[in-house]
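As structure tokens, the structure follows; a few thoughts come after it.
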Amino acid sequence: MALRFYNTLTQQVEEFTPLHGNEVRMYTCGPTVYNYAHIGNLRTFTFEDILRRWLQARGYTMNHVMNITDVEDKIIRNSMAQGKTLEEYTAVYTKAFLDDTALLRLERPERYAKATEHIDEMVSAIETLRDRGFTYLSEGSTYYRIANFPTYGKLSHNDFSGIRAGARVDVDEYDKADARDFVLWKAKKEGEPSWDEPIGDGRPGWHIECSVMAMKYLGETLDIHAGGVDLVFPHHENEIAQSEAITGKPFARFWLHAEHLNVDMQKMSKSIGNIYTLRDIVEMGYSPEALRYLLASVPYRKKLNFTLDGLAAASTAIERLRNFKLRLETDRYPEAGEPGMAERIAKARTQFDEALDDDLNTAEALGAVFEFVRDANTVMDAGNFAAADAPAALALLARFDSVFDVLRPTVKDDSVSDADVERLIGERTQAKKSRNFARADEIRKQLMDAGIVLEDTKDGVRWKRK
Ligand code: AMP
Ligand code: ZN
């Protein structure tokens, strides 16, 4: 059976082939760099990594663009509160994101694109929309008139025909009940960063960046557009409305969305205090590859319930595979052994491939590998595994690892990065504010042990390396 994916747009599982020969043009919505990525965000990015690795295993080449949202409501609010420019504020979290993705072994997309580096293109896209009659002005801001795009709602499968024409929304994020004309260009507010452009002094709304950067680098029709389920509405719906109003062509052929990650059956949220970052996981003593394995092991369209037990089980599973690989590489095997092992290996490989072809059914793919490992271990224990079968078994593990990438252990680096220092200082300031002086002192000591000296000044905390 051919490679197929569930397409949110058609609500069907469809066979996938790219539009342009062997090249897959894919756009994925990247991080909003206003904070450290949590493991929920990382689940979505891990799914996208598995997706691109599997496409490559199937012989395609990738042309993948991921945006970095570095201007947006939350970023502006936080950077202003800290008296920093957008660039100073987002640099820390952009670096932290790149560090995290490297540690989680996420392949780099062919291109990262920052919103603030594409303001000119966004302005011209908004001018095109204006010239085609899709926009209107109100108090200096430009809005998209969704009533002029009759298929609005086709991705989220909502019927918006009853919406009140002319009702507007200014914030970047909102829910379904709030389907309204959304902002393309926001008029400058006092003290906020802005760009003085022919369409007014202001700054872009969140949605326009993805339409513009996707089409600039990948053309008018993408093969795949992916993200987390929370982006279906309004973000992706708005991307379609913008792009298709400009080109008159389908914006993306396949829309893939990853389900959310919950923690101990609850939504991960700041108010419950159950947000984990990759750094938290590593500080607790788990390896990055254990998290990678856990995030990848649940098929992306199923909710993933994160628990520390699950993480421990992932570590054990990886250990099992590493031991098996070591055994294959180092044990001495007889010339003749159990007949049929070559077929057994071929069967595992077919099952593995078919599972991933089936909308990336990672759980079934792992099942095929573990069943084979169990069978092979039994045959080895009985002394019946033939030397001639070892290379094929190792090749199967290599295929598994080209997608899951967990067999190589992470080498620990004890040095603390600048981003870590900034984060710990932020946490210490927070701890002091909430009068948790024990934690504040603990952080100061932790940093001191890593050779970092803190100095509290009236302008905030300064730090240097000893
Ligand atoms: P953001 O940085 O908030 O723009 O989110 C980056 C990506 O993470 C988007 O694709 C979101 O859909 C996704 N995301 C956010 N929260 C979760 C979650 N709890 N589980 C899985 N993915 C998430
Ligand atoms: Zn986007």
Side-chain angles (χ1 to χ4, degrees), residues 8 26-51 64-75 78 90 93-94 96-98 100-101 104 106 109 112-115 118 122 125 155-156 171-175 182 204-218 222 224-243 251-252 255-272 274-278 291 294-296 298-306:
T8 309
M26 174 160 99
Y27 185 90
T28 57
C29 294
T32 304
V33 280
Y34 79 104
N35 210 332
Y36 295 95
H38 56 62
I39 56 173
N41 303 133
L42 295 177
R43 182 200 187 181
T44 294
F45 299 131
T46 303
F47 142 67
E48 290 158 359
D49 180 64
I50 300 288
L51 171 61
H64 172 193
V65 176
M66 181 185 280
N67 67 310
I68 293 187
T69 301
D70 59 353
V71 51
E72 176 267 357
D73 292 347
K74 295 188 290 283
I75 292 175
N78 292 6
T90 56
Y93 301 110
T94 306
F97 172 74
L98 297 176
D100 283 353
T101 56
L104 257 195
L106 307 186
Y112 283 114
K114 288 188 181 176
H118 296 80
M122 290 191 232
L155 181 70
S156 52
V171 289
D172 285 330
E173 290 170 71
Y174 49 94
D175 6 281
F182 59 92
W206 170 36
H207 312 292
I208 191 71
E209 72 180 74
C210 287
S211 287
V212 162
M213 297 192 286
M215 294 197 293
K216 171 168 181 177
Y217 297 113
L218 300 172
L222 319 173
I224 299 178
H225 196 315
V229 274
D230 55 319
L231 299 188
V232 175
F233 188 89
H235 185 54
H236 289 164
E237 199 74 72
N238 292 351
E239 282 189 37
I240 291 177
Q242 295 164 152
S243 305
F251 176 45
W255 287 87
L256 273 57
H257 292 101
E259 252 302 341
H260 271 173
L261 172 146
N262 290 334
V263 175
D264 293 326
M265 305 306 265
Q266 283 181 303
K267 185 171 182 283
M268 198 168 58
S269 84
K270 284 217 174 81
S271 54
I272 305 174
N274 60 356
I275 289 193
Y276 291 100
T277 63
L278 176 56
L291 180 65
L294 178 60
L295 296 180
V298 177
Y300 75 96
R301 287 204 298 127
K302 291 213 164 82
K303 282 203 170 57
L304 190 161
N305 182 40
F306 176 84

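Here the structure is a predicted model, which means the values were calculated and not measured. Read the numbers this way: they start at 1 and go in the same order the structure lists the ligands and their atoms. Residue indices begin at 1 and follow the sequence shown.
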Which heavy atom in [X] sits nearest to a heavy atom in [Y], and how many Å separate them?
X      : Y      : result
Glu209 : Tyr27  : O-OH, 4.4 Å
Leu218 : Met26  : CD1-O, 3.4 Å
Ala113 : Tyr217 : CB-CE1, 4.1 Å
Ala115 : Met122 : O-CE, 3.2 Å

Starting from [atom], which protein heavy atom do you reach first, and at what distance in Å?
atom                    : answer
atom 14 (N) of ligand 1 : Asn41 ND2, 3.5 Å
atom 9 (C) of ligand 1  : Leu231 CD1, 3.8 Å
atom 19 (N) of ligand 1 : Leu261 O, 3.5 Å
atom 2 (O) of ligand 1  : Thr32 N, 3.0 Å
atom 12 (O) of ligand 1 : Asp230 OD1, 2.3 Å
atom 13 (C) of ligand 1 : Thr44 OG1, 3.7 Å
atom 16 (N) of ligand 1 : His38 CE1, 3.6 Å
atom 10 (O) of ligand 1 : Gly228 N, 3.1 Å

Atom indices of ligand 1 within 4.0 angstrom of [X] heavy atoms, with elements:
X      : value
Gly40  : 17 (C), 18 (C), 19 (N), 20 (N), 21 (C), 22 (N), 23 (C)
His260 : 16 (N), 17 (C), 18 (C), 19 (N), 20 (N), 21 (C), 22 (N), 23 (C)
Phe45  : 6 (C), 7 (C)
Pro31  : 2 (O)

### Task
Measure the shortest side-chain to side-chain distance between Leu256 and Phe47 over non-hydrogen atoms and say whether it is less than 4.5 angstrom.
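Yes; the side chains approach each other to less than 4.5 Å.
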Measure from the side-chain N and O atoms of [X] to the backbone N and O of [Y], and report whether any donor-acceptor pair falls under 3.5 Å.
X      : Y      : answer
Thr8   : Trp255 : yes
Thr101 : Leu98  : yes
Ser211 : Glu239 : yes

### Message
For the Zn ion (ligand 2), what is the number of protein N, O or S atoms at a distance under 2.8 Å?
### Response
4
### Task
State the CG-CG distance between Leu294 and Leu261, to the nearest 0.5 angstrom.
8.0 Å
### Query
Side chains of Glu72 and Thr32: do they bring a donor and an acceptor to under 3.5 Å?
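There is no such pair (donor and acceptor under 3.5 Å, judged by atom type) between the side chains of Glu72 and Thr32.
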### Polar side chain donor-acceptor pair, His64 to Glu48, under 3.5 angstrom
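Side-chain D/A pair, His64 to Glu48: absent.
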#### Entry: Ala258 near ligand 1 by a heavy-atom separation under 4.0 Å
no
### Message
Show every salt bridge (Lys or Arg N to Asp or Glu O under 4.0 Å) that has at least one partner inside residues 255-266, sequence neighbours left out.
### Response
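For residues 255-266: Glu259-Lys303.
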